[in-house]
Q: 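Quick one: structure below, then a few questions.
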Number of protein chains: 2
Amino acid sequence: MPVGNDFMGLALTEAEAAAARGEVPIGAVVVIDGTVIASAGNRTREMADPTAHAEILALREACRKLGSERLPGAHLYVTLEPCAMCAAAISFARVERLYYGAADPKGGGVDHGGRFYDQPTCHHRPDVYSGFSESRSAELLRSFFSEKRSD
Amino acid sequence: MPVGNDFMGLALTEAEAAAARGEVPIGAVVVIDGTVIASAGNRTREMADPTAHAEILALREACRKLGSERLPGAHLYVTLEPCAMCAAAISFARVERLYYGAADPKGGGVDHGGRFYDQPTCHHRPDVYSGFSESRSAELLRSFFSEKRSD
(Lines give C-alpha, C1' and ligand atoms only; values in the text may rest on other atoms or scores of the structure.)
Protein backbone atom coordinates (compact mmCIF):
# COMPACT_ATOMS: atom_id res chain seq x y z
CA MET A 1 0.00 0.00 0.00
CA PRO A 2 1.43 3.40 -0.91
CA VAL A 3 2.38 5.64 1.96
CA GLY A 4 1.22 9.23 2.40
CA ASN A 5 4.16 10.78 0.62
CA ASP A 6 3.34 8.82 -2.53
CA PHE A 7 -0.12 10.35 -2.57
CA MET A 8 1.37 13.80 -2.11
CA GLY A 9 3.79 12.87 -4.90
CA LEU A 10 0.82 12.15 -7.15
CA ALA A 11 -0.72 15.50 -6.16
CA LEU A 12 2.58 17.17 -7.13
CA THR A 13 2.53 15.36 -10.48
CA GLU A 14 -0.97 16.77 -11.04
CA ALA A 15 0.35 20.23 -10.10
CA GLU A 16 3.18 19.89 -12.64
CA ALA A 17 0.73 18.82 -15.32
CA ALA A 18 -1.41 21.87 -14.51
CA ALA A 19 1.62 24.14 -14.96
CA ALA A 20 2.31 22.52 -18.32
CA ARG A 21 -1.25 23.47 -19.36
CA GLY A 22 -0.67 27.08 -18.27
CA GLU A 23 -2.77 26.66 -15.13
CA VAL A 24 -1.76 27.63 -11.60
CA PRO A 25 0.18 24.53 -10.47
CA ILE A 26 -1.89 22.95 -7.73
CA GLY A 27 -2.84 19.29 -7.57
CA ALA A 28 -5.15 17.19 -5.41
CA VAL A 29 -5.80 13.51 -4.80
CA VAL A 30 -8.70 11.78 -3.02
CA VAL A 31 -7.82 8.50 -1.31
CA ILE A 32 -10.19 6.06 0.38
CA ASP A 33 -8.92 2.95 2.16
CA GLY A 34 -5.50 3.42 0.61
CA THR A 35 -6.85 3.59 -2.95
CA VAL A 36 -6.74 6.66 -5.19
CA ILE A 37 -10.36 7.44 -6.13
CA ALA A 38 -9.74 10.69 -8.00
CA SER A 39 -6.96 13.13 -8.80
CA ALA A 40 -6.93 16.47 -10.55
CA GLY A 41 -4.99 19.64 -11.21
CA ASN A 42 -6.33 23.14 -11.62
CA ARG A 43 -8.31 23.74 -14.83
CA THR A 44 -9.91 27.15 -14.24
CA ARG A 45 -8.67 28.57 -17.55
CA GLU A 46 -9.24 25.55 -19.74
CA MET A 47 -12.76 25.05 -18.37
CA ALA A 48 -13.51 28.80 -18.04
CA ASP A 49 -14.74 27.91 -14.56
CA PRO A 50 -13.61 29.83 -11.47
CA THR A 51 -14.60 26.85 -9.31
CA ALA A 52 -12.37 24.38 -11.19
CA HIS A 53 -9.71 24.26 -8.49
CA ALA A 54 -7.84 20.96 -8.13
CA GLU A 55 -9.64 20.07 -4.88
CA ILE A 56 -13.13 20.76 -6.28
CA LEU A 57 -12.46 18.72 -9.43
CA ALA A 58 -11.04 15.80 -7.42
CA LEU A 59 -13.93 15.86 -4.93
CA ARG A 60 -16.53 16.04 -7.69
CA GLU A 61 -14.90 13.14 -9.55
CA ALA A 62 -14.76 11.05 -6.38
CA CYS A 63 -18.42 11.79 -5.58
CA ARG A 64 -19.44 10.95 -9.13
CA LYS A 65 -17.59 7.64 -8.98
CA LEU A 66 -19.13 6.70 -5.64
CA GLY A 67 -22.57 8.13 -6.44
CA SER A 68 -22.60 10.07 -3.19
CA GLU A 69 -22.26 13.70 -2.16
CA ARG A 70 -20.36 12.56 0.93
CA LEU A 71 -17.01 10.83 1.18
CA PRO A 72 -16.68 9.64 4.79
CA GLY A 73 -13.27 8.14 5.47
CA ALA A 74 -11.70 9.98 2.53
CA HIS A 75 -8.26 11.56 2.75
CA LEU A 76 -7.55 14.55 0.53
CA TYR A 77 -3.96 15.39 -0.44
CA VAL A 78 -3.42 18.83 -1.94
CA THR A 79 -0.19 20.66 -2.71
CA LEU A 80 -1.31 24.07 -1.36
CA GLU A 81 -3.43 25.17 1.59
CA PRO A 82 -7.02 25.16 0.30
CA CYS A 83 -8.84 28.47 -0.21
CA ALA A 84 -12.12 29.25 1.55
CA MET A 85 -14.15 27.75 -1.31
CA CYS A 86 -12.25 24.47 -1.27
CA ALA A 87 -12.01 24.30 2.54
CA ALA A 88 -15.81 24.48 2.75
CA ALA A 89 -16.30 21.95 -0.07
CA ILE A 90 -13.94 19.54 1.73
CA SER A 91 -16.08 19.91 4.84
CA PHE A 92 -19.37 19.45 2.95
CA ALA A 93 -17.97 16.23 1.42
CA ARG A 94 -17.20 14.96 4.95
CA VAL A 95 -13.53 14.37 4.12
CA GLU A 96 -11.88 12.78 7.17
CA ARG A 97 -8.32 14.00 6.73
CA LEU A 98 -6.79 16.89 4.84
CA TYR A 99 -3.07 16.80 4.05
CA TYR A 100 -1.72 19.94 2.45
CA GLY A 101 1.72 20.97 1.25
CA ALA A 102 2.65 24.65 1.37
CA ALA A 103 0.80 27.22 3.44
CA ASP A 104 -0.92 30.06 1.52
CA PRO A 105 -0.96 33.23 3.61
CA LYS A 106 -2.36 35.24 0.67
CA GLY A 107 -5.28 33.02 -0.23
CA GLY A 108 -5.59 30.14 2.23
CA GLY A 109 -8.82 29.52 4.09
CA VAL A 110 -7.74 26.79 6.54
CA ASP A 111 -4.94 28.36 8.58
CA HIS A 112 -5.35 31.88 7.16
CA GLY A 113 -8.21 34.24 6.33
CA GLY A 114 -11.57 33.08 7.66
CA ARG A 115 -10.14 29.78 8.99
CA PHE A 116 -13.33 27.97 8.00
CA TYR A 117 -12.81 24.92 10.21
CA ASP A 118 -12.55 27.10 13.31
CA GLN A 119 -15.93 28.75 12.72
CA PRO A 120 -19.22 27.79 14.36
CA THR A 121 -20.68 27.78 10.82
CA CYS A 122 -18.47 24.74 10.03
CA HIS A 123 -20.32 21.52 10.81
CA HIS A 124 -17.63 18.98 9.87
CA ARG A 125 -13.95 19.57 10.50
CA PRO A 126 -11.41 17.24 8.88
CA ASP A 127 -8.20 16.44 10.72
CA VAL A 128 -5.64 18.75 9.14
CA TYR A 129 -1.97 17.90 8.56
CA SER A 130 0.25 20.43 6.82
CA GLY A 131 3.81 20.92 5.65
CA PHE A 132 4.05 17.80 3.46
CA SER A 133 6.46 18.34 0.55
CA GLU A 134 5.92 22.02 1.17
CA SER A 135 9.16 23.23 -0.42
CA ARG A 136 8.46 21.39 -3.70
CA SER A 137 4.83 22.58 -3.69
CA ALA A 138 5.86 26.17 -3.10
CA GLU A 139 8.72 26.06 -5.62
CA LEU A 140 6.32 24.93 -8.35
CA LEU A 141 4.17 27.99 -7.70
CA ARG A 142 7.15 30.36 -7.45
CA SER A 143 8.65 29.25 -10.74
CA PHE A 144 5.25 29.36 -12.47
CA PHE A 145 4.56 32.96 -11.47
CA SER A 146 8.18 33.97 -12.05
CA GLU A 147 7.95 32.68 -15.64
CA LYS A 148 4.62 34.42 -16.14
CA ARG A 149 6.08 37.73 -14.98
CA SER A 150 8.97 37.41 -17.39
CA ASP A 151 6.69 36.61 -20.36
CA MET B 1 -36.26 45.97 -18.06
CA PRO B 2 -37.10 43.85 -14.99
CA VAL B 3 -36.31 45.40 -11.64
CA GLY B 4 -34.32 43.78 -8.85
CA ASN B 5 -37.27 42.20 -7.12
CA ASP B 6 -38.17 40.32 -10.28
CA PHE B 7 -34.72 38.74 -10.32
CA MET B 8 -35.10 37.77 -6.66
CA GLY B 9 -38.53 36.43 -7.61
CA LEU B 10 -36.90 34.22 -10.22
CA ALA B 11 -34.38 33.05 -7.60
CA LEU B 12 -37.32 32.19 -5.32
CA THR B 13 -38.96 30.24 -8.15
CA GLU B 14 -35.70 28.28 -8.50
CA ALA B 15 -35.74 27.66 -4.74
CA GLU B 16 -39.32 26.36 -4.91
CA ALA B 17 -38.40 24.06 -7.79
CA ALA B 18 -35.46 22.77 -5.72
CA ALA B 19 -37.82 21.97 -2.83
CA ALA B 20 -40.10 20.09 -5.23
CA ARG B 21 -37.08 17.94 -6.18
CA GLY B 22 -36.36 17.21 -2.50
CA GLU B 23 -33.38 19.57 -2.46
CA VAL B 24 -32.71 22.31 0.10
CA PRO B 25 -34.74 25.22 -1.33
CA ILE B 26 -32.19 27.82 -2.38
CA GLY B 27 -32.12 29.52 -5.77
CA ALA B 28 -29.72 31.84 -7.57
CA VAL B 29 -29.76 34.02 -10.68
CA VAL B 30 -26.89 35.68 -12.56
CA VAL B 31 -27.78 38.93 -14.31
CA ILE B 32 -25.58 41.00 -16.60
CA ASP B 33 -26.75 44.31 -18.06
CA GLY B 34 -30.31 43.56 -16.97
CA THR B 35 -30.41 40.18 -18.70
CA VAL B 36 -30.64 36.82 -16.94
CA ILE B 37 -27.59 34.81 -18.00
CA ALA B 38 -28.11 31.80 -15.77
CA SER B 39 -30.35 30.57 -12.99
CA ALA B 40 -30.26 27.47 -10.82
CA GLY B 41 -31.51 25.79 -7.69
CA ASN B 42 -29.65 23.42 -5.41
CA ARG B 43 -28.96 19.99 -6.89
CA THR B 44 -26.51 18.44 -4.41
CA ARG B 45 -28.55 15.25 -4.02
CA GLU B 46 -29.57 14.76 -7.62
CA MET B 47 -26.01 15.35 -8.84
CA ALA B 48 -24.36 13.63 -5.86
CA ASP B 49 -22.15 16.69 -5.75
CA PRO B 50 -21.54 18.61 -2.50
CA THR B 51 -20.52 21.65 -4.55
CA ALA B 52 -23.80 21.80 -6.50
CA HIS B 53 -25.19 24.75 -4.55
CA ALA B 54 -27.48 27.10 -6.46
CA GLU B 55 -24.84 29.85 -6.64
CA ILE B 56 -22.10 27.53 -7.92
CA LEU B 57 -24.35 26.05 -10.61
CA ALA B 58 -25.54 29.47 -11.75
CA LEU B 59 -21.99 30.88 -11.82
CA ARG B 60 -20.67 27.86 -13.72
CA GLU B 61 -23.49 28.09 -16.26
CA ALA B 62 -22.90 31.82 -16.76
CA CYS B 63 -19.16 31.29 -17.20
CA ARG B 64 -19.77 28.47 -19.67
CA LYS B 65 -22.13 30.65 -21.69
CA LEU B 66 -19.70 33.56 -21.77
CA GLY B 67 -16.59 31.39 -22.18
CA SER B 68 -14.89 33.19 -19.32
CA GLU B 69 -13.97 32.36 -15.75
CA ARG B 70 -14.75 35.95 -14.78
CA LEU B 71 -18.07 37.78 -14.89
CA PRO B 72 -17.26 41.46 -14.36
CA GLY B 73 -20.42 43.55 -14.05
CA ALA B 74 -22.50 40.54 -13.06
CA HIS B 75 -25.14 40.75 -10.34
CA LEU B 76 -25.94 37.59 -8.40
CA TYR B 77 -29.33 37.18 -6.71
CA VAL B 78 -29.60 34.35 -4.19
CA THR B 79 -32.36 33.55 -1.73
CA LEU B 80 -30.05 32.77 1.22
CA GLU B 81 -26.78 34.22 2.49
CA PRO B 82 -24.05 32.31 0.62
CA CYS B 83 -21.87 29.85 2.52
CA ALA B 84 -18.07 30.19 2.60
CA MET B 85 -17.68 28.05 -0.53
CA CYS B 86 -20.12 30.13 -2.54
CA ALA B 87 -18.92 33.46 -1.13
CA ALA B 88 -15.41 32.67 -2.35
CA ALA B 89 -16.62 31.43 -5.74
CA ILE B 90 -18.61 34.67 -6.18
CA SER B 91 -15.42 36.62 -5.48
CA PHE B 92 -13.31 34.49 -7.84
CA ALA B 93 -15.89 35.10 -10.60
CA ARG B 94 -15.52 38.85 -10.02
CA VAL B 95 -19.25 39.32 -9.45
CA GLU B 96 -19.94 43.03 -8.99
CA ARG B 97 -23.02 42.89 -6.77
CA LEU B 98 -24.43 40.23 -4.50
CA TYR B 99 -28.09 40.47 -3.45
CA TYR B 100 -29.19 37.90 -0.92
CA GLY B 101 -32.50 37.16 0.81
CA ALA B 102 -32.43 35.67 4.29
CA ALA B 103 -29.38 35.73 6.54
CA ASP B 104 -27.93 32.34 7.54
CA PRO B 105 -26.36 32.52 11.00
CA LYS B 106 -25.77 28.74 11.02
CA GLY B 107 -24.00 28.40 7.70
CA GLY B 108 -23.45 31.80 6.10
CA GLY B 109 -19.99 32.96 5.07
CA VAL B 110 -20.65 36.58 4.13
CA ASP B 111 -22.02 38.17 7.31
CA HIS B 112 -21.40 35.17 9.56
CA GLY B 113 -18.61 32.65 10.15
CA GLY B 114 -15.36 33.55 8.40
CA ARG B 115 -16.88 36.64 6.68
CA PHE B 116 -14.83 35.96 3.56
CA TYR B 117 -15.15 39.43 2.05
CA ASP B 118 -13.70 41.02 5.18
CA GLN B 119 -10.51 38.93 5.07
CA PRO B 120 -7.17 40.02 3.63
CA THR B 121 -7.23 36.73 1.69
CA CYS B 122 -10.20 38.05 -0.32
CA HIS B 123 -8.99 39.85 -3.43
CA HIS B 124 -12.32 40.94 -4.91
CA ARG B 125 -15.26 42.03 -2.78
CA PRO B 126 -18.68 42.39 -4.40
CA ASP B 127 -21.05 45.06 -3.14
CA VAL B 128 -23.40 43.20 -0.82
CA TYR B 129 -27.11 43.97 -0.37
CA SER B 130 -29.19 41.78 1.92
CA GLY B 131 -32.72 41.37 3.25
CA PHE B 132 -34.48 41.11 -0.13
CA SER B 133 -37.62 38.95 0.12
CA GLU B 134 -36.05 37.53 3.24
CA SER B 135 -39.28 36.36 4.87
CA ARG B 136 -40.31 34.35 1.80
CA SER B 137 -36.78 32.94 1.43
CA ALA B 138 -36.65 31.92 5.07
CA GLU B 139 -40.20 30.52 5.08
CA LEU B 140 -39.34 28.22 2.17
CA LEU B 141 -36.46 26.76 4.16
CA ARG B 142 -38.47 26.51 7.38
CA SER B 143 -41.33 24.62 5.78
CA PHE B 144 -38.90 22.33 3.89
CA PHE B 145 -37.08 21.27 7.04
CA SER B 146 -40.30 21.12 9.05
CA GLU B 147 -41.76 18.67 6.50
CA LYS B 148 -38.55 16.64 6.51
CA ARG B 149 -38.65 16.33 10.29
CA SER B 150 -42.25 15.15 10.21
CA ASP B 151 -41.54 12.49 7.54
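Note on naming: letters A, B, ... go to the chains in the order of the sequence lines (proteins, then strands), and numbering restarts at 1 for each one. Predicted, not measured: the structure shown is a model, and the values here were computed from it.
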Q: Answer yes when A:E61 and A:R64 have at least one side-chain N-carboxylate O distance shorter than 4.0 Å, and no when they do not.
A: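 Result for this pair is no, no salt bridge flagged.
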Q: Pick one of side chain, backbone, both or neither for A:R45, based on which atoms fall under 4.5 Å of a heavy atom in chain B.
A: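 For A:R45, heavy atoms of backbone and side chain both lie under 4.5 Å from chain B.
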Q: Check whether any side-chain heavy atom of B:T51 sits under 4.5 Å from a side-chain heavy atom of A:T51, and report yes or no.
A: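 Not touching, per the 4.5 Å side-chain cut-off.
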Q: Relative to chain A, which of B:D49, B:D104, B:D118, B:I56 shows the most heavy atom pairs under 4.5 Å?
A: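 Top option by heavy-atom pairs under 4.5 Å: B:D49.
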Q: Look at B:S68, B:A88, B:G113 and state which one has the largest set of heavy-atom pairs under 4.5 Å with chain A.
A: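 Most heavy-atom pairs under 4.5 Å with chain A: B:G113.
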Q: Pick whichever of A:P105, A:A89, A:A48 has the most heavy-atom pairs under 4.5 Å with chain B.
A: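 Highest number of pairs under 4.5 Å: A:A48.
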Q: Any idea which of B:G67, B:A52, B:G109, B:G107 has the most non-hydrogen atom pairs under 4.5 angstrom with chain A?
A: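 Most pairs with chain A among the choices: B:G107.
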Q: Under 4.0 Å between a Lys/Arg side-chain N and an Asp/Glu carboxylate O for B:R142 and B:E139?
A: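 Yes.
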Q: Below 4.0 angstrom, N of the basic side chain to O of the carboxylate: do A:R43 and A:E46 qualify?
A: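 Answer for the salt bridge query: yes.
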Q: Any side-chain donor paired with an acceptor under 3.5 Å for A:N42 and A:T44?
A: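 No, because no side-chain N or O of A:N42 sits under 3.5 Å from a partner of the opposite role on A:T44.
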Q: If I measure from the heavy atoms of chain B, does A:Q119 come under 4.5 Å with its side chain, its backbone, both, or neither?
A: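 For A:Q119, side-chain heavy atoms alone lie under 4.5 Å from chain B.
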